[in-house]
2 protein chains.
Amino acid sequence: MADKTFDLQDFLPYLLNQAAEATSRSFEGVYKARYGMTRTQWRVLANLGRFGAMTARDICRISHIEKTKVSRAVAALETEVMLARAPSPEDGRAEILSLTPRGLAVFAELGERAQAFDADLRAKLGPELAARIDAILREIIVLQADAGPEGDD
Amino acid sequence: MADKTFDLQDFLPYLLNQAAEATSRSFEGVYKARYGMTRTQWRVLANLGRFGAMTARDICRISHIEKTKVSRAVAALETEVMLARAPSPEDGRAEILSLTPRGLAVFAELGERAQAFDADLRAKLGPELAARIDAILREIIVLQADAGPEGDD
DNA sequence: GATTAATAGTTGCATCTGCAACCAAGTCAA
DNA sequence: TTGACTTGGTTGCAGATGCAACTATTAATC
């Protein structure tokens, strides 16, 4: 059947990238301008802020960020004194990562802004579309997680 | 009202990135393994394949890829003999880019695979969700395009 | 207990990218 | 025509990233 020439503009990975990049870039300005943070750093911070102290490995599992990226983000956040490491009592290899008071403050502020950004975007989308989007994206994510090995950032 | 701590896992830009990255990475394997192409190169090729000869600037407009990226992708595709440049008769600065026979062949093959990939993904998503996704993503893209300046890749 | 395999995390290196600065050609206006 | 400005495209440089290789510790197997 369908033998029309391929149109990138209808290609789901492409559309997803466009949307993802557009929104991420837009919000990136917030943490970049204020704290010189990178996208990965923001995500690591956000996960620690939301879920509390944990190891780098846990962050990888939860957020599907590659361990190299996490490692470097942690190092950067540490030198910014937003995060502290403590040796794990159970596992000599692992380190327990937690936010410092400063890290918590930054998370509180950025988290608030992120919520506002998100709410605004959903409002603009309208209830119809906003209601569907989460389920669809989560479904895509798990589908690919089953199919391919690593989903990364 | 809502004063719960921010959860990254519900943040639209984050979800979009996860889904985008997961799907793109999955398909990336195809053109990377076969032709050592980069994501940007694939997209430039796909646009030229779909819309025919045009200038780099046109590609930027259509696909929202940054001009630096396009420039380098074009150079790479040229050395791979998938693309040829011709001086524009109308504008001495511009070059008309077009796919070579090889470029067309590669586009035909990858385009077919992309269509299959896309169809498969949509099938897995189910008609309910698949029907909505395009409209939502396009809406997000235009919303951000209005808001922010550049949406890039 | 010794050896082997697996795992937490870091680092080197080779890209890929973004931004600003740049060149060359076109536009506009006096 | 000349000079100021815009625009198509490239390049330098400073990050950010992915992958493979590496260290150190833990688990497994004999």
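A, B, ... follow the sequence lines: proteins, then strands. Residue 1 opens every chain.
- Counting distance only, with no hydrogens placed and no angle test, the side-chain atoms of R72(B) and the base atoms of dG18(C) include a donor-acceptor pair under 3.5 Å.
- In the set dT26(D), dC19(D), dG18(C), dC19(D) carries the atom at the smallest distance from any side-chain atom of T68(A).
- For the pair E80(B) and V106(B), the minimum side-chain heavy-atom distance is 4.5 Å or more.
- The nearest heavy atom of DNA chain D to R61(B) and to G92(A) marks one nucleotide each, and the one closer to the 5' end goes with R61(B).
- Listed pair R85(B) / dT10(D) meets the phosphate criterion, a side-chain N or O lying under 4.0 Å from OP1 or OP2.
- In this structure, of dA16(D), dT10(D), dT10(C), it is dA16(D) that holds the atom nearest to the side chain of T38(A).
- We find that CG of L97(A) is positioned 13 Å from C1' of dT10(C), with the value rounded to whole Å.
- Each of T55(B) and E90(A) was matched to the nucleotide of DNA chain D holding its nearest heavy atom; the match closer to the 5' end belongs to T55(B).
- Remark: T40(A) is in phosphate contact with dT17(D), judged by side-chain N or O atoms under 4.0 Å from OP1 or OP2.
- Taking atom CD on Q41(B) and atom C1' on dT15(C), their separation rounds to 11 Å, with Å as the unit.
- Rounded to an integer number of Å, the gap from K32(B) NZ to dG18(D) C1' is 7 Å.
- Atom CD of E66(A) is separated from atom P of dG9(C) by 14 Å (rounded to the nearest Å).
- To the nearest 0.5 Å, atoms CZ (F6(B)) and CG (D10(B)) are separated by 8.0 Å.
- Inter-residue side-chain proximity for R50(B) and L8(A) is flagged as unmet; no heavy-atom pair is nearer than 4.5 Å.
- Residue side chain R93(A) does not reach the base of dT26(D) through any donor-acceptor N/O pair under 3.5 Å, judged by distance alone.
- If A94(A) and M37(B) are placed on DNA chain C by their nearest nucleotide, the residue sitting closer to the 5' end is A94(A).
- In R85(B), the CZ atom is crowded: over 12 heavy atoms of neighbouring residues, nucleotides or ligands sit closer than 6.0 Å.
- Between K67(B) atom NZ and dT7(D) atom C1' there is a gap of 8 Å when expressed in whole angstrom units.
- One atom, NZ of K69(A), and another, P of dG12(C), lie 20 Å apart when rounded to the nearest Å.
- Spacing between atom CD of E21(B) and atom C1' of dT17(D) amounts to 10 Å, rounded to whole angstrom units.
- Note on R132(A) versus E128(A): no salt bridge recorded, every NZ/NE/NH1/NH2 to OD/OE distance being 4.0 Å or above.
- Across the protein-nucleic acid pair, N17(A) atom CG and dT17(C) atom C1' stand 14 Å apart, rounded to whole Å.
- Looking at the side chain of R25(B), the nearest of the listed nucleotides dG9(D), dG9(C), dG18(D) is dG18(D).
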